[in-house]
Amino acid sequence: LKTMEAPKQVWFQKEINLPNKGRGCHYITDAIMAVAGTAIGSIKIGMCNIFLKHTSASITLNEVYDSDVLIDMESALNKIVPENPSLYVHTLEGKDDMPAHAKCALVGVSHTIPITGGKLNLGTWQGVWLCEHRTSSTS
């Protein structure tokens with residue numbers, strides 16, 4: 001029997017600070033690659049975990065072909081979780097705060113994307129979005 005050497009495990013961690021783009025959904029794939037692209041480029045097969053340290057914004061993977069989807073997603077989320085202070089007990093931080101927490105819980109703050117051949121293995125029209133759910137954002 002031939003003994004095979006275990007593949008070398010490589011871990012990278014990069015923290016990305018994004019500029020505040022205001023309320024709505026925003027493409028951030030390019031921003032991620034600008035900071036982590038060199039590390040990702042050195043990996044043949046792996047995983048990229050994206051985690052947002054925020055409670056009133058979220059991360060999702062969605063269409064990047066038509067930017068109208070960004071607008072429609074904001075509208076859809078506002079219909080699912082309306083900004084109506086009479087619906088919520090937590091209103092201390094403003095009328096958009098509790099709805100933002102609910103949207104964050106529904107959409108999520110983390111995604112794991114395969115890396116193949118030094119690139120994020122996203123679908124043809126897929127990209128990473130940051131969804132800021134507050135008008136007075138603090139991200």
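To the nearest 0.5 Å, the span separating CE on M33 from OG1 on T38 amounts to 8.5 Å. In this structure, H26 NE2 and E132 CD are separated by 7.0 Å, a value rounded to the nearest 0.5 Å. In this structure, the separation between CG on L77 and CG on D72 is 11.0 Å, given to the nearest 0.5 Å. Rounding to the nearest 0.5 Å places CZ of R134 at 4.0 Å from CG of D96. Atom CD in E93 sits 10.5 Å away from atom CE in M98 (nearest 0.5 Å). Put simply, NE2 on H54 and SG on C131 are 12.0 Å apart, with the number rounded to the nearest 0.5 Å.
Across N84 and S86, no two heavy atoms sit closer than the pair OD1-OG, 2.6 Å. For P114 against M47, the heavy-atom pair with the smallest separation is CA-SD, 3.8 Å. Considering all non-hydrogen atoms of both residues, C104 and V109 come closest at SG-CG1, 3.5 Å. When all heavy atoms of N49 and S110 are compared, the pair lying nearest together is ND2-OG, 3.4 Å. Heavy atoms only, all atoms of each residue included: L18 and I16 are closest at CD2-CG2, 3.7 Å. Contact detail for T91 and P85: the closest heavy-atom pair is CG2-O, 4.0 Å.
Put simply, the side chain of T29 does not reach to within 4.5 Å of the side chain of Q126, judged on heavy atoms. Taking the side chain as every heavy atom from C-beta outward, M73 and N62 approach each other to under 4.5 Å. The shortest distance between side-chain heavy atoms of I59 and I28 falls below 4.5 Å. Considering only heavy atoms from C-beta on, F12 stays 4.5 Å or farther from C48 through its side chain. A heavy-atom distance below 4.5 Å is found between the side chains of L120 and I115. K119 places none of its side-chain heavy atoms less than 4.5 Å from the side chain of I40. Between Y27 and L70 the shortest side-chain heavy-atom distance falls below 4.5 Å.
Aromatic ring orientation, Y65 versus W125: perpendicular (interplanar angle above 60°, classes split at 30° and 60°).
A donor-acceptor contact shorter than 3.5 Å links the side chain of W129 to the backbone of E63. Of the possible donor and acceptor atoms, none in the side chain of H133 sits under 3.5 Å from a partner among the backbone N and O of P99.
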For this session: Give the C-alpha distance, both sets of side-chain angles, the deciding distance and a yes or no for side chain to side chain contact (heavy atoms under 4.5 Å, CB included) between K14 and I32.
Result: CA-CA 9 Å; K14 300 281 185 179; I32 292 166; over 6 Å; no
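Around atom CG of D30, no more than 12 heavy atoms belonging to other residues, nucleotides or ligands sit under 6.0 Å away. The number of heavy-atom neighbours closer than 6.0 Å to CD1 of I45, taken from other residues, nucleotides and ligands shown, is 12 or below.
L106 is not connected to L52 by any chain of hydrophobic side-chain contacts under 4.5 Å among Ile, Leu, Val, Met, Phe, Trp and Tyr, and they are in different clusters. Hydrophobic clustering, with ILVMFWY side chains joined whenever heavy atoms are under 4.5 angstrom apart, keeps I71 apart from V107.
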